[in-house]
Amino acid sequence: MPWKGEKNPYKIWLSEVILQQTRVEQGWSYYEKFISNYPTIQQLAAAPDETVFKLWEGLGYYNRCKNLLFTARDIVQNRNGIFPSTYGEIVELKGIGPYTAAAISSFAFNLPHAVVDGNVFRVLSRLFGISTPIDSTAGKKEFTGLAQLVLSKEQPALYNQAIMDFGATVCKPALPLCNHCPLQQQCIAYKEGRVNALPVKEKVLQKKTRWFTYFILVAGDKVLVHKRGAKDIWENLFEFYLLESDDKIIWDKATAQTWLHEQFGKNATAVNHISPLLAQQLTHQTIKAWFIAATLAKVPANLQHYTWHPVKNLPVLAFPKVINTYLQTGAFQQSLF
DNA sequence: AAGTCGGGGAC
DNA sequence: GTCCCAGACTT
């Protein structure tokens with residue numbers, strides 16, 4: 001891995017947070033951007049929220065970015081900029097759980113704490129033939145204990161790297177390379193033909209579909225935007241004027257004009273463009289979104305939580321992928337002329 | 001203990 | 001489509 005041998009706790013922390021539930025290939029360019037823009041934790045702590053969220057844009061799980069900033073400022077302001085060097089202190093930091101604390105402890109400080117990530121769950125469940133669900137409380141406890149037991153106390157950093165590397169390249173989720181596996185003879189799952197049945201998960205994802213209609217409302221050279229709040233997807237990302245509906249809506253210029261007229265009265269002057277239905281697949285949700293570009297004659301007074309933002313400065317805001325997908329079609333920009 | 005949070009890649 | 005990813009937080 002590219003950061004093999006890295007000892008700087010700031011860099012290790014940053015890379016581990018970026019890689020939470022994220023493939024190395026997906027997260028690596030973000031790590032390089034962050035290190036390039038913020039070589040030290042002091043520089044990250046001093047950066048404006050919006051700039052950092054724009055850097056994080058597209059990586060997902062935006063709470064990680066919020067907690068990253070919180071912890072950077074926490075360390076700079078309350079710990080003299082010195083990253084704590086014990087597992088107990090590290091795991092108390094916001095956005096750092098058992099996995100990330102063990103990773104930092106072992107990689108930066110060579111402390112004997114075993115990482116337990118998706119790779120480790122898979123390798124241990126197969127090697128030892130354990131079918132306790134990994135997403136149960138009992139499973140987490142059992143696998144954490146086992147990981148700590150088999151950890152090399154002499155070389156914890158090397159061992160942690162190795163077991164995750166092994167899980168990512170040999171003991172893979174699908175089509176594991178059992179024929180070339182050096183642990184084949186010791187592997188209980190291989191012996192019993194249960195490799196593809198392990199590890200076990202007990203929870204089933206509940207999926208739902210949500211219907212978003214975004215009205216891109218322009219008045220003069222400004223457009224109405226909104227920073228999304230907590231307890232929903234895309235916290236701290238921006239969006240346009242949103243109408244969420246329980247069911248699919250068939251929009252055409254007439255229905256859009258009518259709806260705008262009901263909301264804004266004579267303010268709503270023209271519907272300039274209606275996009276086709278765009279879809280974005282999230283882990284728990286399918287978002288189906290339309291974008292309707294319209295012009296307002298003047299600024300409505302009673303729009304709480306929304307702000308007017310210069311159209312030409314839209315690129316400084318961090319948007320969800322489906323919004324960027326629409327913006328990149330160029331249809332909105334064309335509708336302005 | 002259960003639910004929630006993104007986006008991408010492999011199959 | 002389904003699963004999974006160098007998980008953590010909230011309720």
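Please read these numbers as outputs of a predicted model, since none were measured by experiment. Here is how names work: the chains are called A, B, and so on, in the same order as the sequence lines, proteins then strands, and each is numbered from 1. Just so you know, these numbers use all the heavy atoms, side chains as well, and skip hydrogens, waters and symmetry mates.
Using a 4.0 Å heavy-atom criterion, one finds that Arg228(A) contacts no nucleic acid atom at all. Residue Gln285(A) is in sugar-phosphate contact alone, with no base atom involved, counting any heavy-atom pair closer than 4.0 Å across all strands shown. Counting any heavy atom pair closer than 4.0 Å across all strands shown, Asn119(A) reaches a base atom. Within the 4.0 angstrom heavy-atom criterion, only backbone atoms of the sugar-phosphate kind lie near Asp232(A); the bases stay farther away. Ile96(A) comes within contact range of the sugar-phosphate backbone alone, with a heavy-atom separation under 4.0 Å but no base atom that close. Using a 4.0 Å heavy-atom distance criterion, Gly167(A) is classed as making no nucleic acid contact.
Taking side-chain N and O atoms only, Arg122(A) has no distance below 4.0 Å to OP1 or OP2 of dC4(C). For dC5(C), the OP1/OP2 oxygens have no side-chain nitrogen or oxygen of Tyr61(A) closer than 4.0 Å. One finds a side-chain N or O of Trp234(A) lying less than 4.0 angstrom from the OP1 or OP2 phosphate oxygen of dG7(B).
Rounded to a whole Å, the CD1 atom of Ile90(A) is 13 Å from the P atom of dA8(C). Distance, Trp56(A) CH2 to dG8(B) P: 14 Å, rounded to whole Å. One can place CG of Asn236(A) at 10 Å from P of dG6(B), the figure rounded to the nearest angstrom. Per the geometry, CD belonging to Glu235(A) stands 12 Å off C1' belonging to dT4(B), to the nearest Å. Protein atom CD of Glu16(A) is 15 Å distant from nucleotide atom P of dC5(C), rounded to whole Å. The nearest whole Å value for the distance from the CD atom in Gln21(A) to the P atom in dC3(C) is 15 Å. Regarding Trp13(A), its CH2 atom lies at a distance of 21 Å from the P atom of dA6(C), rounded to whole Å.
At a cut-off of 3.5 angstrom, the base of dG7(B) holds no donor-acceptor pair with the side chain of Thr22(A).
Between the side chain of Lys54(A) and the main chain of Pro315(A), a donor-acceptor pair closer than 3.5 Å is present.
The residue among Gln281(A) and Ala101(A) whose nearest nucleotide of DNA chain C is located toward the 5' end is Gln281(A). Where Leu93(A) and Gln26(A) each meet DNA chain C at their nearest nucleotide, the meeting point lying more 5' is that of Gln26(A). Taking the nucleotide of DNA chain B with the nearest heavy atom to each of His284(A) and Lys321(A), the more 5' of the two is matched to His284(A). Mapping Ser136(A) and Gly58(A) onto DNA chain B by nearest heavy atom places Ser136(A) at the nucleotide closer to the 5' end.
Closest to the side chain of Lys201(A), out of dC4(C), dG7(B), dA8(C), is dC4(C). Checking dC11(B), dG8(B), dG7(C) against the side-chain heavy atoms of Leu175(A) singles out dC11(B) as nearest. When distances are taken from the side chain of Thr100(A) to each of dC9(C), dG7(C), dA2(B), the shortest belongs to dG7(C). Nearest to the side chain of Arg64(A), among dA6(C), dG6(B), dA2(B), sits dG6(B). Between dG6(B), dA6(C), dC11(B), one nucleotide has an atom nearer to the side chain of Asp117(A) than all others, and that is dA6(C). Side-chain atoms of Gln20(A) lie closest to dA8(C) of the nucleotides dA8(C), dC5(C), dA1(B). Closest approach to the Glu202(A) side chain among dG7(C), dA2(B), dG8(B) is made by dA2(B) (side chain taken as heavy atoms from C-beta onward). Distances were taken from every side-chain heavy atom of Met164(A) (C-beta onward) to each of dG7(B), dA6(C), dC4(C); the shortest belongs to dA6(C). The Lys231(A) side chain lies nearest to dT11(C) when the options are dC5(B), dG6(B), dT11(C). Among the nucleotides dA8(C), dG7(B), dC4(C), the one closest to the side chain of Gln280(A) is dG7(B).
Atom CG of Leu242(A) and atom CG of Leu224(A) lie 11.5 Å apart (nearest 0.5 Å). Between the CZ atom of Arg64(A) and the CD atom of Gln21(A) there is a distance of 8.5 Å, given to the nearest 0.5 Å. Here the straight-line distance linking atom CG of Leu151(A) with atom NE2 of His113(A) works out to 9.5 Å at 0.5 Å rounding.
The distance between the ring centers of Tyr241(A) and Phe264(A) falls below 6.0 angstrom.
When each of Lys227(A), Lys66(A), Arg228(A) is paired with Glu235(A), the side chain to side chain donor-acceptor pair (under 3.5 Å) condition holds for Lys66(A) and for no other. Phe215(A) pairs in a ring pair (Phe, Tyr, Trp, His ring centres under 6.0 Å) with only one of the listed residues (Phe291(A), Trp251(A), Phe332(A), Tyr306(A)), which is Trp251(A).
A gap of 14 Å separates the P atoms of dG6(B) and dT10(C), to the nearest Å. As rounded to the nearest Å, dA6(C) and dA10(B) have P atoms that lie 12 Å from one another.
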